[in-house]
Asks: 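Can you keep this structure in mind? I'll have questions shortly.
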Amino acid sequence: MRIISLVSAAHFVSHFFQLVLPPLFPLLREDFGVSYTELGLLMGLFYAASGVGQTMSGFLVDHLGARRVLPAGMALLAGAMGLAGLTSTYWALAVASILGGFGNSVFHPADYSIFNASVSSARLGRAYGIHGICGNLGWAAAPAVVVGLAGPLGWRGSLLTVGAVGVTAADRVEPALRGATSAPGLGASVKLLLAPSILTAFAFFAFIATSLIGIQTFSVSAMVQIFDAPLGLATGALTAFLLGSATGILVGGFMADRTRRHDLVATCGLVAGASLSLIIASAAPTLTFLPGVMALMGFCLGTISPSRDMLVRAATPPGASGKVYGFVYSGLDLGSCLTPLLFGWFLDHGEPRMVFVTSATFMLLTIATAVQVRRRSQPIARAAHAYD
């Protein structure tokens, strides 16, 4: 529980800083005189840097140990987002986004390397669930915190404040994790990462990220346009989505420990989530019920998270957690970096409903990859079980 708590707290920090800029987009758009497409590029640069860095971070984790790599990434991520508050030009803000993305790249390979080395197989689903919940709580906290601080401090003061707190937290992680890292790997070849099971897992993450990034980054702006909703209510609906997702992850963690059909759990959650996303795109919910529908969609998508991680573990040979998780999770960043421009374009051209329609489409595409990951990973899973 000590290891799970510490690693999950670090995951909270990662997700919190992923979502500090998007809630401030209306203020940044006015201050810098840029379009939503250009603001989407900021997040594209962030996730591109994170995706490029994740595989490299995975090799560093396997060779140097997660205890050294994790706090360094936390400090870089928090520091970069804090420095964004000092920027005076759009391009300086873009540089801060890139630096933050490199800091963000360490979390998944470091976190899962620690878990797979320190937590028994019978409890991994719940460990992944707690880890995911803390990440979602980071997402849920970010809009409320940064918008709340922006009121009295302005958006610059808000970013400087959360950045300083994040750097302080990073300074406390390494001593607390002493002795809690996985053994460095003996080196993985590129051939391992190009195995069909690993590539299919990569595609799974790329598709699911494309759907989630649209909701997390642009749903507030989209709901303001679709429903003529006040900014506060739209932000609250996004928070409801993220809290619903955290609840779903908690339930999904117990489900993941009690079933071997993790692909079936993922399929059911994705179908339900896609259906609710299309309902929102239709503008059918009233403003009163909109936060509830968003929360239910978050819950459905949250239930798949622990099973998703169990599918990846089944595809991971013993001793390769850092590099494999780094590589497949870079699929999240690939999907996240390519699509903000598309979603921003939808808003700039008066098509806010397409944010939810496109997200639903990619949820449905993700189902095929979930089934294929399980099928291709069965021989590796049997070998890993024998290893355990």
Side-chain angles (χ1 to χ4, degrees), residues 4 8 11-12 15 19 108 111-112 115 119 121-140 201 203-216 219 237-280 291-315 325 328-329 331-332 335 356 359-374 377:
I4 292 171
S8 298
H11 199 220
F12 175 96
H15 281 223
L19 212 55
H108 286 128
D111 291 0
Y112 286 102
F115 276 162
V119 180
S121 298
R123 295 179 175 87
L124 267 177
R126 280 162 285 182
Y128 292 157
I130 294 171
H131 182 258
I133 288 170
C134 288
N136 277 60
L137 291 176
W139 277 335
F204 178 102
F205 280 85
F207 285 150
I208 193 63
T210 298
S211 60
L212 292 178
I213 198 65
I215 295 170
Q216 292 166 4
S219 65
L238 174 59
T239 301
F241 170 87
L242 297 169
L243 291 174
S245 181
T247 305
I249 292 171
L250 177 62
V251 174
F254 285 93
M255 294 169 64
D257 280 336
R258 286 166 170 75
T259 182
R260 294 184 178 180
R261 291 303 308 272
H262 301 112
D263 58 323
L264 183 59
V265 174
T267 297
C268 293
L270 288 164
V271 169
S275 301
L276 291 165
S277 186
L278 291 174
I279 289 173
I280 295 172
V293 177
M294 286 286 287
L296 183 58
M297 178 169 63
F299 176 86
C300 294
L301 296 175
T303 58
I304 77 171
S305 182
S307 289
R308 172 199 70 186
D309 295 332
M310 294 296 280
L311 284 169
V312 176
R313 183 176 185 269
Y325 276 89
V328 299
Y329 268 90
L332 279 179
F356 292 99
S359 294
T361 300
F362 277 95
M363 290 176 204
L364 297 175
L365 289 174
T366 307
I367 293 172
T369 61
V371 173
Q372 287 299 310
V373 170
R374 179 179 184 272
S377 300

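Below, all heavy atoms of this structure are taken into account, side chains as well, without hydrogens, waters or symmetry copies.
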Asks: To the nearest 0.5 Å, tell me how far Ile130 CD1 sits from Cys134 SG.
Replies: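 Output value for this atom pair is 7.5 Å.
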Asks: For the residue pair Pro306 and Gly253, what are the closest heavy atoms and their distance?
Replies: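 Scanning both residues completely, I find the closest heavy atoms to be CG-N, 3.4 Å.
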Asks: Determine whether Met294 and Ile215 satisfy the following criterion, side-chain contact (heavy atoms from CB on, under 4.5 Å), listing intermediate values before the conclusion.
Replies: CA-CA 10 Å; Met294 286 286 287; Ile215 295 170; 4.2 Å; yes
Asks: Would you confirm whether Ser277, through its side chain, and Phe356, through its main-chain N or O, come within 3.5 Å as a donor-acceptor pair?
Replies: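 Yes, because the side chain of Ser277 sits within donor-acceptor range (under 3.5 Å) of the backbone of Phe356.
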Asks: What's the separation between atom CE in Met363 and atom OG1 in Thr210, rounded to the nearest 0.5 Å?
Replies: 11.0 Å
Asks: Just verifying a value: how many Å separate Met297 CE and Ser219 OG, rounded to the nearest 0.5 Å?
Replies: 7.5 Å
Asks: Does the Ser305 side chain pair with the main chain of Leu301, one donor and one acceptor, at a distance under 3.5 Å?
Replies: no
Asks: Should Tyr128 and Asp257 be marked as a side-chain contact (heavy atoms from CB on, under 4.5 Å) after you check the CA-CA gap, both sets of side-chain angles, and the distance that decides it?
Replies: CA-CA 10 Å; Tyr128 292 157; Asp257 280 336; over 6 Å; no
Asks: To the nearest 0.5 Å, what is the distance between CD1 on Ile367 and CG on Leu264?
Replies: 10.5 Å
Asks: Ignoring hydrogens, what is the shortest heavy-atom contact between Ile249 and Gly129? Give both atom names and the distance.
Replies: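 The pair with the smallest heavy-atom distance is CG2-O, 2.9 Å.
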Asks: Stepwise, does the side-chain contact (heavy atoms from CB on, under 4.5 Å) test hold for Ile208 with Ile304?
Replies: CA-CA 11 Å; Ile208 193 63; Ile304 77 171; 4.1 Å; yes
Asks: Kindly compute the distance separating OG1 (Thr303) from CG (Leu270), expressed to the nearest 0.5 Å.
Replies: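 Those atoms lie 8.0 Å apart.
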Asks: Do you know which two heavy atoms are closest between Ser359 and Gly214, and how far apart they sit?
Replies: OG-CA, 4.1 Å
Asks: Using the six-membered ring wherever Trp is involved, compare the ring planes of His131 and Phe115 and label them parallel, tilted or perpendicular (cut-offs 30° and 60°).
Replies: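 Perpendicular: the ring planes of His131 and Phe115 meet at over 60°.
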Asks: What do the steps show when you test Val328 against Phe204 for side-chain contact (heavy atoms from CB on, under 4.5 Å), and what is the final call?
Replies: CA-CA 9 Å; Val328 299; Phe204 178 102; over 6 Å; no
Asks: Could you grab the distance from atom CG of Leu19 to atom CG of Leu238, nearest 0.5 Å is fine?
Replies: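 The CG atom of Leu238 is 6.0 Å from CG of Leu19, to the nearest 0.5 Å.
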Asks: For the side chain to side chain contact (heavy atoms under 4.5 Å, CB included) test, which of Leu212, Ile280, Val293, Leu276 pairs with Phe241?
Replies: Leu212
Asks: Main chain of Gly135, side chain of His15: is a donor-acceptor contact present, judged purely on distance under 3.5 Å?
Replies: yes
Asks: Just say parallel, tilted or perpendicular for the rings of Phe362 and Phe207, cut-offs at 30° and 60°.
Replies: tilted
